[in-house]
Amino acid sequence: MPAPLAMVIGSGPAGLMAADVLSALGWRVEIVDAMPSPARKLLMAGKSGLNITKDEDREPFIAAYAEAAPRLRPMLEAFGPPEVMAWARALGQDVFTGSSGRVFPTAMKASPLLRAWLARLDAQGATLHRRWRWLGWADDAARTLRFATLAGEERRQPDTTILALGGASWRRLGSDGAWTTVLAERGVALTPFRPANMGFSKRWSDHMAPHFGAPIKNVVLSAGETSLRGEFVLSARGLEGSAIYALYRPLRAGAPLTIDLLPDLDHGTIARRLAKRRPKTTVAAHLRKALGLDAARRALLFEHGPLPSAPADLATRLKALPISHDGPRPMDEAISTAGGIAWPALNPDLSLKALPSVHAAGEMLDWEAPTGGYLLTACLATGRHAALGALA
C-alpha cells in the first residue's frame, strides 16, 4: 500500500516547513509553485541579511502578534525562537544574535539555508514542481486538484492538501493573492488584504529632492500611543525605513505622526540656544550651529513651515514636528500583508471548515506582525502546525 500523498501548494517557508514535516515521516510529498524557482520572497528578504527570528522571552514575542496572538500562541509555543534557531543549525547554518535581539544566520544570506533545506527535502523524497499554477478543484468534493503547467493541465487526488500561497504583496515574487477567488467560491470566509510593514506616500516640494535617500537618524517618532527611537529615510516616494515600519499600525489607522528631531536635548535647552541667535545669522545657519541640526533635518523642518519666530515656540516644533503624509504606499510594495483566511473559517489544526481535507498556513492566514524575525517564525510555525494537523 503506497504512503499517503500530500500536495503542498506554495514553496515559501510555510510550505517548505509543511513538506519537511510530512516527508520526514514517510509521506509522499509533492510541492507545487507557479514560479520558476522556490522561496523567492525568502531570498529577497535575505539579500540584506536574513532575520530568521528574535531571541526574546516567549510572552513578549507572542504579544508582538497583537490580536492574532491567542490564535497563534499554541503554534509559537511549540515552534518559537529557540526552535527556529535549532532548525537552522540542523541545516548546517550557524546563527548569531545581534544587539537588538534579532537572529541571523552567520552566512547572513538566505541562499545557503535554502539550498540545505531543499537538499534535505530531496533526500526525504519530496518532489518540487516548478511553473505549476494551481487552478482550484475539478470536483464538488474538492478532492481533485487542477494545475496549469507548461505541458498542459495536470491533476492530482491527494490524501491531504496544504495551501501556503502567501499574502498579496510582492506580486513579482509570486504572492499575488489570486487564490482568494478560488477559496471564496468554496465558501471560505476571507478578510480583505491590507498592507503591513510599509512606507507612507508623501508629495514633497522641490527643495526636498537633494535629500532623497538621506537617513534621518536618532530621532523619536510618535503615532497614537506608540513612541520609539530609531531612524527612517526620506525617499522620492515618501517616508520609508525601520522606524516608519514599526509604526505602521497606528499610522495606517490614521494616527498623526510627530517627530522629536532633538531627543537628547530638552525643550528649555533648545529654547535657550535658539535665543542666542546673532542678528545677521540665517535661521538655517543658526539651527546648524546652535543645535547641530543637519541639512536633511533642517529641510524636513522647513517643509512643514512656516517656522515660529519665538525661540520657545520653535523649540516646541523641533520637539514634536508634525509630519503629514498621503497614506500607505501601494500594497504590492509592502513587506507583508494583513488579512487573508479569517480565523473563524479555520479549525484549530488549520484545516478549513468548508474543506476539511485542506489545511492553510503562512501569510494566507489573517495575522500580521512587525519585522524583526516575527514574520518568518510564524510562517514556519504555522506550516509545521498545518502538517501536524494533516497527520492527525
Side-chain angles (χ1 to χ4, degrees), residues 48-49 51 54-56 60 64 97-104 197-202 204-205 207-251 255-277 282-305 307-308 311-325 329 335 370-374:
S48 58
N51 182 195
K54 189 168 185 183
D55 190 3
E56 65 181 349
T97 302
S99 58
S100 65
R102 297 184 179 199
V103 179
F104 302 86
N197 296 293
M198 68 292 189
F200 284 77
S201 298
K202 182 167 178 62
W204 303 106
S205 60
H207 91 281
M208 292 296 294
H211 306 287
F212 292 159
I216 306 294
K217 297 183 177 181
N218 194 29
V219 292
V220 171
L221 297 88
S222 300
E225 298 179 356
T226 306
S227 294
L228 58 91
R229 184 184 287 251
E231 66 178 77
F232 65 99
V233 176
L234 302 174
S235 78
R237 300 181 300 180
L239 304 164
E240 311 274 353
S242 57
I244 296 296
Y245 303 152
L247 290 173
Y248 81 86
R249 288 176 69 98
L251 291 176
L257 172 65
T258 60
I259 299 179
D260 182 349
L261 293 173
L262 296 166
D264 295 323
L265 296 176
D266 61 37
H267 181 277
T269 300
I270 295 171
R272 285 192 297 272
R273 292 186 185 182
L274 289 172
K276 296 178 180 179
R277 176 185 168 192
T282 64
V283 174
H286 189 48
L287 289 168
R288 175 176 58 82
K289 293 176 182 178
L291 298 171
L293 211 63
D294 59 39
R297 292 190 208 205
R298 295 197 306 271
L300 192 61
L301 180 66
F302 293 138
E303 180 75 0
H304 294 82
L307 300 184
D313 293 340
L314 181 52
T316 299
R317 179 75 61 87
L318 287 161
K319 293 297 288 180
L321 177 65
I323 303 293
S324 61
H325 61 81
R329 294 291 305 159
I335 294 174
T371 57
Y374 302 101

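Since the model is a prediction, treat every value here as computed from it, not as a measurement.
When all heavy atoms of E231 and S242 are compared, the pair lying nearest together is O-OG, 3.5 Å. Shortest non-hydrogen contact noted between A243 and L228 is CB-CD1, 3.8 Å. The two atoms that bring S324 and K202 nearest to each other are OG-NZ, 2.6 Å, heavy atoms only. Residues A255 and G224 come closest through the heavy atom pair CB-N, 3.5 Å. When all heavy atoms of I216 and V219 are compared, the closest pair comes out as CG2-CG1, 3.8 Å. Pairing each heavy atom of A271 with each of P311, the nearest pair is O-CB, 3.6 Å.
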For L265 and K319, run side-chain contact (heavy atoms from CB on, under 4.5 Å): C-alpha distance rounded to whole Å, both residues' side-chain angles, the deciding distance at 0.1 Å, then the answer.
CA-CA 9 Å; L265 296 176; K319 293 297 288 180; 5.5 Å; no
Could you please spell out the steps behind the side-chain contact (heavy atoms from CB on, under 4.5 Å) verdict for N51 and T371?
CA-CA 9 Å; N51 182 195; T371 57; 6.0 Å; no
List the steps and the verdict of side-chain contact (heavy atoms from CB on, under 4.5 Å) for L251 and M198.
CA-CA 10 Å; L251 291 176; M198 68 292 189; over 6 Å; no
Show, in sequence, the C-alpha distance, side-chain angles and deciding distance for I244 and V233, and conclude whether the side-chain contact (heavy atoms from CB on, under 4.5 Å) test is met.
CA-CA 9 Å; I244 296 296; V233 176; over 6 Å; no
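With sequence neighbours excluded, the residues satisfying side chain to side chain contact (heavy atoms under 4.5 Å, CB included) with T316 are H267. E303 meets the side-chain hydrogen bond (donor to acceptor under 3.5 Å, both in side chains) test with S205, H207; sequence neighbours excluded. Partners of P322 under the side chain to side chain contact (heavy atoms under 4.5 Å, CB included) rule, at least two apart in sequence or in another chain, are R317. In terms of the salt bridge (Lys or Arg N to Asp or Glu O under 4.0 Å) criterion, D313 has no residue partners (sequence neighbours excluded). Applying the salt bridge (Lys or Arg N to Asp or Glu O under 4.0 Å) rule to R249 yields the partners E67, E368; only residues at least two apart in sequence or on another chain are considered. Every residue meeting the side chain to side chain contact (heavy atoms under 4.5 Å, CB included) condition with A290, not counting sequence neighbours, appears here in chain and number order: R273, H286. A search for ring pair (Phe, Tyr, Trp, His ring centres under 6.0 Å) contacts involving F200 returns H325, not counting sequence neighbours. Under the rule for a salt bridge (Lys or Arg N to Asp or Glu O under 4.0 Å), D55 has no partner lying at least two apart in sequence or in another chain. With sequence neighbours excluded, the residues that form a salt bridge (Lys or Arg N to Asp or Glu O under 4.0 Å) with E240 are R237. Taking D266 as the reference, T269 meet the side-chain hydrogen bond (donor to acceptor under 3.5 Å, both in side chains) condition, with sequence neighbours excluded. Listed by chain and residue number, nothing satisfies the side chain to side chain contact (heavy atoms under 4.5 Å, CB included) test with P210 (two or more places apart in sequence, or in another chain).
Listed by first then second residue, pairs satisfying side-chain hydrogen bond (donor to acceptor under 3.5 Å, both in side chains) with a partner in residues 288-297 number zero, not counting sequence neighbours.
For the atom pair CG (L261) and CD1 (I323), the distance works out to 7.0 Å, reported to the nearest 0.5 Å. Within the model, atoms OH of Y374 and CG of N197 stand 11.5 Å from one another, a figure rounded to the nearest 0.5 Å. Residue L301 holds its CG atom at 6.5 Å from CG of L314, rounded to the nearest 0.5 Å. Atoms OG1 and CZ, on T97 and R102 in that order, are 12.5 Å from each other to the nearest 0.5 Å. A distance of 8.5 Å separates CG in L321 from OG1 in T258, rounded to the nearest 0.5 Å. Between the CG atom in L257 and the CG atom in L247 there is a gap of 7.0 Å [rounded to 0.5 Å].
Ring planes of H304 and W204: perpendicular class, angle over 60° (limits at 30 and 60°).
When side chains are defined from C-beta on, L274 counts as touching L287, because their heavy atoms get closer than 4.5 Å.
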